[in-house]
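Comments concern the structure below.
So that the names make sense, note that chain A is the first sequence line, chain B the second, and so on, each numbered from 1.
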There are 4 protein chains.
Amino acid sequence: MRPKDEQKIEAIFAAVIKLTGSGGIAGLKMTDIAREAGVADGTLYTYFRSKEELLNSVYYQLKQKGALAIVDGIDHLPVKVQLYKMWKNSLKYQVNEPAKTIFLEHFKVSPFISEDNKKLSQQLGQYLEKLLERGKEEMIIKPLSNELLISLLTGFLKDYAHYLVNHDLEVTENKAEESFSLSWDAIKA
Amino acid sequence: MRPKDEQKIEAIFAAVIKLTGSGGIAGLKMTDIAREAGVADGTLYTYFRSKEELLNSVYYQLKQKGALAIVDGIDHLPVKVQLYKMWKNSLKYQVNEPAKTIFLEHFKVSPFISEDNKKLSQQLGQYLEKLLERGKEEMIIKPLSNELLISLLTGFLKDYAHYLVNHDLEVTENKAEESFSLSWDAIKA
Amino acid sequence: MRPKDEQKIEAIFAAVIKLTGSGGIAGLKMTDIAREAGVADGTLYTYFRSKEELLNSVYYQLKQKGALAIVDGIDHLPVKVQLYKMWKNSLKYQVNEPAKTIFLEHFKVSPFISEDNKKLSQQLGQYLEKLLERGKEEMIIKPLSNELLISLLTGFLKDYAHYLVNHDLEVTENKAEESFSLSWDAIKA
Amino acid sequence: MRPKDEQKIEAIFAAVIKLTGSGGIAGLKMTDIAREAGVADGTLYTYFRSKEELLNSVYYQLKQKGALAIVDGIDHLPVKVQLYKMWKNSLKYQVNEPAKTIFLEHFKVSPFISEDNKKLSQQLGQYLEKLLERGKEEMIIKPLSNELLISLLTGFLKDYAHYLVNHDLEVTENKAEESFSLSWDAIKA
DNA sequence: AATGAATGAGGATTCATTCAT
DNA sequence: AATGAATGAATCCTCATTCAT
């Protein structure tokens with residue numbers, strides 16, 4: 001159920017993300033979300049059937065928007081260039097939006113996540129798979145399973161972004177290139 | 001008099017790990033832990049001051065034992081061989097002990113983790129750093145920061161292990177070699 | 001919206017006093033207070049942060065109201081008359097409200113009492129001190145320390161009230177006069 | 001049940017009194033009593049059937065011994081002299097043994113006190129009653145009910161002792177005389 | 001008799017959700 | 001639609017007591 005007041009929903013989403021960023025998912029209370037969003041406790045239930053549905057909505061929205069931002073306007077570029085742009089965009093996103101990143105990570109291991117969202121193989125993943133297939137056809141990427149290649153890219157990216165956030169470092173062009181270069185050495189044919 | 005029982009602690013630890021594996025950390029109840037371990041609720045509190053202390057003890061023990069198992073008897077081997085053995089051991093551990101892996105992952109983002117355990121720079125990490133330094137001296141590993149190299153190794157490993165567990169796949173010699181080969185291509189000089 | 005309800009607070013206070021009167025402070029359970037007050041367990045916590053805060057609120061309110069009732073409309077009367085009126089009012093209060101008296105006595109030695117309430121030098125005490133000072137100036141009361149005089153008055157009163165309650169006796173004009181007369185013989189110049 | 005080891009019982013009693021003096025009756029735990037007395041938890045149950053029985057034993061013993069100390073070697077003296085000696089002894093006892101005094105006061109309003117101990121009209125009380133009767137016969141004490149006279153004496157004494165303890169004052173000959181003088185003025189014929 | 005680990009009933013508190021206004 | 005006071009099931013932890021050694 002999601003009637004008119006789109007602004008209120010945004011405020012609620014923002015509250016969830018902000019509070020998770022500071023206190024983790026386990027500390028999230030509906031009362032706190034309501035206060036932070038500037039609405040009454042009961043109002044949350046006008047927009048979402050339950051806490052579970054609210055959090056799953058935030059997750060779903062973040063996944064969608066995140067994917068869009070990362071692949072925005074890069075198709076038709078060469079494979080390696082696209083990969084680099086995705087790499088840099090992702091790194092920036094994870095480092096500049098730590099609250100959102102924390103929410104996504106925590107939610108994935110929380111008891112709230114729905115089966116649907118568990119399966120949610122993000123569009124990003126599908127886009128990436130196609131890109132890797134193209135790379136293999138062009139013989140510039142190793143002919144290995146997508147899962148293996150994707151594990152390397154996303155696993156490395158996540159851990160590196162973590163490191164940068166924990167040490168209060170920014171994403172410079174240099175850092176983006178250096179780290180991507182490592183990934184590329186791994187997957188290039 | 002019955003002496004405080006090491007076996008009972010093991011049973012409690014095993015109960016925590018098993019239950020976290022099935023229901024996640026957020027669903028962990030002291031009552032369930034007690035029942036699973038075959039003791040009374042109150043008994044948990046003769047061994048641990050609180051739920052928090054119990055979980056932190058499990059975490060600490062798992063980190064210690066895990067690190068030992070991974071580097072067992074590999075020093076004095078060449079750098080690349082050591083790295084491969086560590087890779088294979090880690091992969092096997094994470095895939096064959098999914099409950100332990102889940103506990104470790106969930107606990108790290110739970111509200112229970114103590115400051116001490118947050119800082120717990122596992123011995124494994126320090127051992128790995130030294131190994132990478134040696135590799136750089138031998139000019140077989142890229143002269144990049146350890147953080148970058150370690151992010152790649154551990155990030156990739158974690159994600160790949162996840163993939164294997166989620167798809168019910170075992171760690172074969174082939175899979176270990178194939179995945180390590182990717183990592184090596186990334187970090188080799 | 002239902003506004004926070006003053007009546008509900010009164011009901012909760014009354015429940016605390018009634019239950020303490022019958023079972024003592026140590027037997028007080030939040031569940032029983034809630035049932036007696038006709039509210040849910042959780043409701044107690046919308047009005048008071050904890051059991052401790054609830055009991056301290058009851059204590060504070062009883063002290064305030066009690067003091068007011070005792071000195072109501074007696075200033076400007078001669079010292080001895082005022083003392084007698086206070087004596088009679090106090091005696092009646094302690095005998096006619098045994099539950100409140102029990103609560104006050106038990107709470108003072110309970111682990112719940114706050115530092116603030118421990119210090120709470122009741123207005124009654126200050127009023128009494130001024131009155132005794134006046135009596136000394138008028139040379140009708142012995143020139144001794146207020147503490148000594150007050151100990152006699154309040155200590156005797158408390159024990160005598162106790163005796164009356166325990167033997168199911170009422171406060172008659174005669175008993176009030178007789179007992180006050182003893183006190184007066186002690187402190188008069 | 002109270003077999004041989006009288007010393008152990010003394011240690012347990014002392015532990016109860018000491019711990020009540022510092023933490024109040026409500027904070028008393030059998031485990032703490034055992035540790036303070038230097039015995040095992042279970043040992044307490046070799047000497048006393050329950051916590052209730054233990055505390056009631058302490059109370060009973062304190063009442064007996066206290067009474068003896070107060071009236072020791074004073075019979076055959078004149079009434080007023082006896083009263084003064086009792087007054088001074090009591091005052092000293094209550095001020096010099098605050099832990100015992102606290103135990104006695106707290107226990108009286110605790111849920112542990114047995115019916116027998118509630119009724120325990122201490123021998124002291126009976127001795128005092130006889131003394132007051134003698135004083136009335138000698139026409140030096142007002143012909144009022146013993147309860148009234150006793151309330152004044154014991155109530156005043158208790159409150160005054162409290163005041164002295166709370167202000168860290170000692171019982172000097174002067175203070176004993178001054179306070180007794182007030183009491184005497186109240187009850188003398 | 002003494003020990004102290006183990007027991008488990010009992011009680012304070014939390015928080016997602018409801019519903020009268 | 002919005003409000004927020006009220007609800008009460010759920011859960012951690014305590015501590016008097018037991019009993020195998």
Side-chain angles (χ1 to χ4, degrees), chain A residues 1 3-5 8 26-35 38-55 112, chain B residues 1-5 8-9 26-35 37-54 112, chain C residues 1-5 8 26-35 37-55 112, chain D residues 1 3-5 8 26-35 38-55 112:
Chain A
M1 173 186 6
K4 16 195 153 163
D5 207 334
K8 209 161 276 183
L28 258 193
K29 291 168 214 165
M30 292 299 266
T31 295
D32 291 343
I33 295 170
R35 173 155 44 243
V39 300
D41 291 18
T43 305
L44 297 178
Y45 291 85
T46 307
Y47 291 94
F48 306 95
R49 229 184 290 284
S50 67
K51 185 183 184 182
E52 188 182 326
E53 190 185 301
L54 165 55
L55 299 190
F112 300 112
Chain B
M1 180 197 77
R2 275 158 297 179
K4 278 204 190 181
D5 195 338
K8 209 157 277 180
I9 291 182
L28 262 192
K29 292 171 224 162
M30 291 301 265
T31 298
D32 292 343
I33 295 170
R35 174 156 41 245
V39 299
D41 289 20
T43 303
L44 298 179
Y45 292 87
T46 53
Y47 291 95
F48 306 95
R49 232 184 294 283
S50 66
K51 185 180 184 181
E52 188 183 326
E53 191 183 301
L54 165 56
F112 298 113
Chain C
M1 178 199 74
R2 276 157 297 178
K4 278 203 191 181
D5 195 339
K8 209 157 278 179
L28 261 192
K29 292 171 223 164
M30 290 302 264
T31 297
D32 291 343
I33 295 170
R35 174 156 39 245
V39 300
D41 289 18
T43 303
L44 299 179
Y45 292 87
T46 53
Y47 291 96
F48 306 95
R49 232 185 295 283
S50 65
K51 185 180 183 181
E52 188 182 326
E53 191 183 300
L54 164 55
L55 300 190
F112 299 113
Chain D
M1 172 186 9
K4 16 195 156 165
D5 207 334
K8 208 161 276 182
L28 257 195
K29 293 170 213 164
M30 291 300 265
T31 295
D32 292 342
I33 295 170
R35 175 156 40 245
V39 300
D41 290 19
T43 305
L44 297 179
Y45 292 85
T46 307
Y47 292 94
F48 305 95
R49 228 184 292 284
S50 66
K51 186 181 183 182
E52 188 182 327
E53 189 184 303
L54 164 56
L55 300 190
F112 300 112

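- Protein atom CD1 of B/I9 is 12 Å distant from nucleotide atom C1' of E/dA5, rounded to whole Å.
- Remark: P of F/dA1 and CG of A/L44 are 14 Å apart, rounded to the nearest angstrom.
- Rounded to a whole Å, the CG atom of A/D32 is 9 Å from the P atom of E/dA16.
- Per the geometry, OH belonging to B/Y47 stands 11 Å off C1' belonging to E/dG4, to the nearest Å.
- With rounding to the nearest 0.5 Å, the separation of NZ in D/K51 from CG in D/L54 is 9.0 Å.
- The side chain of D/V39 lies closest to E/dT3, out of F/dC12, F/dT18, E/dT3.
- Considering only heavy atoms from C-beta on, A/L55 comes within 4.5 Å of A/L28 through its side chain.
- Residue C/T46 places none of its side-chain N or O atoms closer than 4.0 Å to OP1 or OP2 of F/dA5.
- Interatomic distance, B/E53 CD to B/R49 CZ, rounded to the nearest 0.5 Å: 5.0 Å.
- When rounded to the nearest whole Å, the span between CZ of C/F48 and P of F/dA5 equals 14 Å.
- Taking atom CD1 on B/I33 and atom P on F/dC13, their separation rounds to 10 Å, with Å as the unit.
- Of the candidate nucleotides F/dC13, E/dG8, E/dA12, F/dC13 has the atom nearest to the side chain of B/K51.
- Here CD1 of C/I33 is found 13.0 Å from OG1 of C/T43. Values are rounded to the nearest 0.5 Å.
- The phosphate of E/dT7 has neither OP1 nor OP2 within less than 4.0 Å of any side-chain N or O from B/Y45.
- The distance from atom CG of B/D32 to atom CG of B/D41, rounded to the nearest 0.5 Å, is 9.0 Å.
- Across all non-hydrogen atoms, the minimal contact from C/M30 to C/Y45 is CE-OH, 3.5 Å.
- Smallest separation of non-hydrogen atoms from D/E52 and D/F112: CG-O, 3.2 Å.
- Between the CD atom of C/E52 and the C1' atom of E/dG11 there is a distance of 16 Å, rounded to whole Å.
- Remark: C1' of E/dA12 and CZ of C/R35 are 15 Å apart, rounded to the nearest angstrom.
- In DNA chain E, runs of at least 3 stacked Watson-Crick or G-U pairs (N1-N3 plus N6-O4 or O6-N4, or N1-O2 plus O6-N3, all under 3.5 Å) give these stems: E:2-21 with F:2-21.
- Projected onto DNA chain F by closest heavy-atom contact, B/M30 and C/D41 fall at different nucleotides, the more 5' of which corresponds to C/D41.
- Within the structure, a side-chain polar atom (N or O) of D/K8 is placed less than 4.0 Å from OP1 or OP2 of E/dA2.
- The residue among B/G38 and C/R49 whose nearest nucleotide of DNA chain E is located toward the 5' end is B/G38.
- Note on A/T43: a side-chain N or O is less than 4.0 Å away from OP1 or OP2 of F/dT3.
- Where D/L28 and C/G42 meet DNA chain F, the nucleotide closest to each residue was compared, and C/G42 sits on the side nearer the 5' end.
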